[in-house]
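Notes follow the structure.
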Amino acid sequence: MAVTDRTAAHHGISAFIIEPGSPGFSVGKKENKLGMRASATGEVLFRNCRLPDSQLLGKPGEGFIDSLRILDGGRISIAALSVGTAQGAFDAALKYSKLRKQFGRPISEFQAIQFKLAEMATQIEAARLMTLRAASMKDQGQTRITRESAMAKLFSSEIAVRVCDDALQIHGGYGFIKDYPVEKFYRDVKLLTIGEGTSEIQKLVIARQLLKSQ
Ligand SMILES: Cc1cc2nc3c(=O)[nH]c(=O)nc-3n(C[C@H](O)[C@H](O)[C@H](O)COP(=O)(O)OP(=O)(O)OC[C@H]3O[C@@H](n4cnc5c(N)ncnc54)[C@H](O)[C@@H]3O)c2cc1C
């Protein structure tokens, strides 16, 4: 994305496709991340990078506006990723709670563990429904899904962080050890409240939509 018309504010930013090897474009260091380590993330550097018109993506000046529309869809994907991550952590915790015995019985028989499992499952179900609603609206070709996709992304990613935290807690000491999948869920999930717009930005987006509709 580059500013192509300084006088046109939001309508003065254009999007381009840049091929590797383009003059002035290079890839910087690979980031050393907390989680999502199976997917590489690296810096992209632009120094006096000049591009022909043929590499323009979409209409001139509309890159920023287009990207906001694309984010409405991308946020549904992050909401779905959150639901899947939370479900994976929950499944692992449910299984472990039935296997691990303390004080002569499986820890799943303790009410404290049952309450955690019940809350986790309920939150996941609510997140799944919000995500499916936003996805269904998009599938039906509705263009005004900003509020629903931001709500699905905000809620699903925040509950996913909580669910992974609870899932690790249910594993006790083994939750902190790499032999079990739950420590990976715990590290991976945090990105979901940050990428495609932080939770704070989702709240701004939702509030703007609410105020606009009044
Ligand atoms: C692993 C990884 C992969 C990524 N991949 C991509 C990618 O493929 N493409 C891409 O474009 N980006 C990518 N990003 C960038 C990501 O989208 C941003 O990091 C994210 O949107 C947050 O922006 P920021 O880091 O600039 O945070 P900042 O904007 O600096 O925010 C810092 C803090 O301030 C808060 N804050 C900022 N502004 C406000 C405000 N107005 N009101 C209230 N609070 C505010 C934020 O919520 C946050 O808590 C990636 C990031 C990571 C970590």
Side-chain angles (χ1 to χ4, degrees), residues 1-4 9-22 24-47 49 51 55-86 88-89 127 130-131 134-135 138 145-165 168 178 181-213:
M1 312 284 284
V3 175
T4 45
H10 292 156
H11 292 278
I13 299 172
S14 304
F16 299 88
I17 293 179
I18 305 186
E19 302 288 350
S22 298
F25 168 65
S26 60
V27 177
K29 77 172 164 62
K30 184 180 162 189
E31 303 294 353
N32 189 8
K33 296 184 290 184
L34 169 72
M36 299 285 187
R37 295 175 66 88
S39 145
T41 302
E43 281 179 321
V44 282
L45 305 169
F46 306 99
R47 287 198 189 90
C49 186
L51 299 165
Q55 284 178 232
L56 182 74
L57 183 64
K59 291 189 186 135
E62 294 304 306
F64 178 72
I65 304 297
D66 286 345
S67 71
L68 290 185
R69 217 174 5 251
I70 292 161
L71 275 175
D72 283 345
R75 285 174 182 156
I76 302 173
S77 306
I78 300 297
L81 182 52
S82 304
V83 171
T85 304
M130 288 180 80
T131 304
K138 181 153 175 47
I145 57 164
T146 304
R147 190 183 71 144
E148 288 76 10
S149 65
M151 282 180 169
K153 197 272 183 187
L154 170 66
F155 185 78
S156 305
S157 61
E158 288 290 337
I159 71 99
V161 169
R162 280 205 295 278
V163 166
C164 290
D165 188 14
L168 192 148
K178 287 185 184 282
V182 75
E183 73 85 34
K184 182 175 185 302
F185 284 123
Y186 185 82
R187 287 185 292 104
D188 286 349
V189 76
K190 192 55 203 161
L191 179 64
L192 305 176
T193 64
I194 296 170
E196 300 264 346
T198 60
S199 291
E200 290 77 10
I201 295 301
Q202 303 310 315
K203 288 179 198 172
L204 288 184
V205 169
I206 295 163
R208 264 186 216 136
Q209 294 297 315
L210 296 174
L211 294 168
K212 223 177 3 182
S213 68

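First listed ligand is number 1; within each ligand, the first listed atom is number 1.
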Is there a salt bridge (charged side-chain N to carboxylate O under 4.0 Å, His left out) between Glu43 and Lys29? Walk through the geometry before answering. CA-CA 6 Å; Glu43 281 179 321; Lys29 77 172 164 62; 5.3 Å; no
Determine whether Arg162 and Asp165 satisfy the following criterion, salt bridge (charged side-chain N to carboxylate O under 4.0 Å, His left out), listing intermediate values before the conclusion. CA-CA 5 Å; Arg162 280 205 295 278; Asp165 188 14; over 6 Å; no
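Between Glu183 and Lys178 there is a salt bridge, since at least one side-chain N of the basic residue sits less than 4.0 Å from a carboxylate O of the acidic one.
Residue-environment remark: NZ (Lys33) exceeds the threshold of 12 foreign heavy atoms within 6.0 Å. Within 6.0 Å of OH in Tyr186 there are 12 or fewer heavy atoms belonging to other residues, nucleotides or ligands.
Against a heavy-atom cut-off of under 4.0 Å, Leu191 is close to the following atoms of ligand 1: 1 (C), 2 (C), 52 (C), 53 (C). Listed by number with element, the atoms of ligand 1 under 4.0 angstrom from any heavy atom of Ile194 are 20 (C), 21 (O). Annotation for ligand 1: atoms under 4.0 Å from non-hydrogen atoms of Thr198 are 22 (C), 46 (C), 47 (O). Taking every heavy atom of Leu204 and a limit of under 4.0 angstrom, the matching atoms of ligand 1 come to 40 (C), 41 (N), 42 (N). Atoms of ligand 1 lying under 4.0 Å from any heavy atom of Glu196, numbered from 1 in the order shown and given with element: 17 (O).
Protein heavy atom in closest approach to atom 43 (C) of ligand 1: Glu200 CB, 4.0 Å. Protein heavy atom nearest atom 38 (N) of ligand 1, with residue, atom name and distance: Ile201 CD1, 3.9 Å. With hydrogens left out, the protein atom closest to atom 16 (C) of ligand 1 is Gly195 CA, 4.3 Å, a heavy atom.
When side chains are defined from C-beta on, Asp72 does not count as touching Leu68, because their heavy atoms never get closer than 4.5 Å. Ile145 has its side chain within reach of Ile76: a pair of non-hydrogen atoms, C-beta onward, lies under 4.5 Å apart. Between Leu192 and Lys153, the closest side-chain pair of non-hydrogen atoms is not below 4.5 Å. Counting only heavy atoms from C-beta outward, the side chains of Thr146 and Arg208 never approach each other to under 4.5 Å.
For atom 36 (N) of ligand 1, no protein heavy-atom neighbour is found at a distance under 4.0 Å. Under the 4.0 Å distance rule, the nearest protein heavy atom to atom 22 (C) of ligand 1 falls inside the cut-off. For atom 46 (C) of ligand 1, a protein heavy-atom neighbour is found at a distance under 4.0 Å. Protein heavy atoms are absent from the space less than 4.0 angstrom from atom 29 (O) of ligand 1. Using a 4.0 Å threshold on non-hydrogen atoms, atom 49 (O) of ligand 1 counts as touching the protein. Within a 4.0 Å radius of atom 4 (C) of ligand 1, the protein has no heavy atom. Note that atom 53 (C) of ligand 1 has protein non-hydrogen atoms nearby, at separations under 4.0 angstrom. Atom 32 (C) of ligand 1 is not flagged as protein-proximal [any protein heavy atom, distance under 4.0 Å].
Residues satisfying the ring-ring contact (aromatic ring centres under 6.0 Å, His included) test with Phe25, not counting sequence neighbours, are Phe46.
Where the criterion is an N or O separation shorter than 3.5 Å, residue side chain and backbone included, Lys33 fails it with respect to ligand 1. Every N/O-N/O distance between Thr41 and ligand 1 stays at or above 3.5 Å.
To the nearest 0.5 Å, the span separating CE on Met151 from CD on Gln209 amounts to 9.5 Å.
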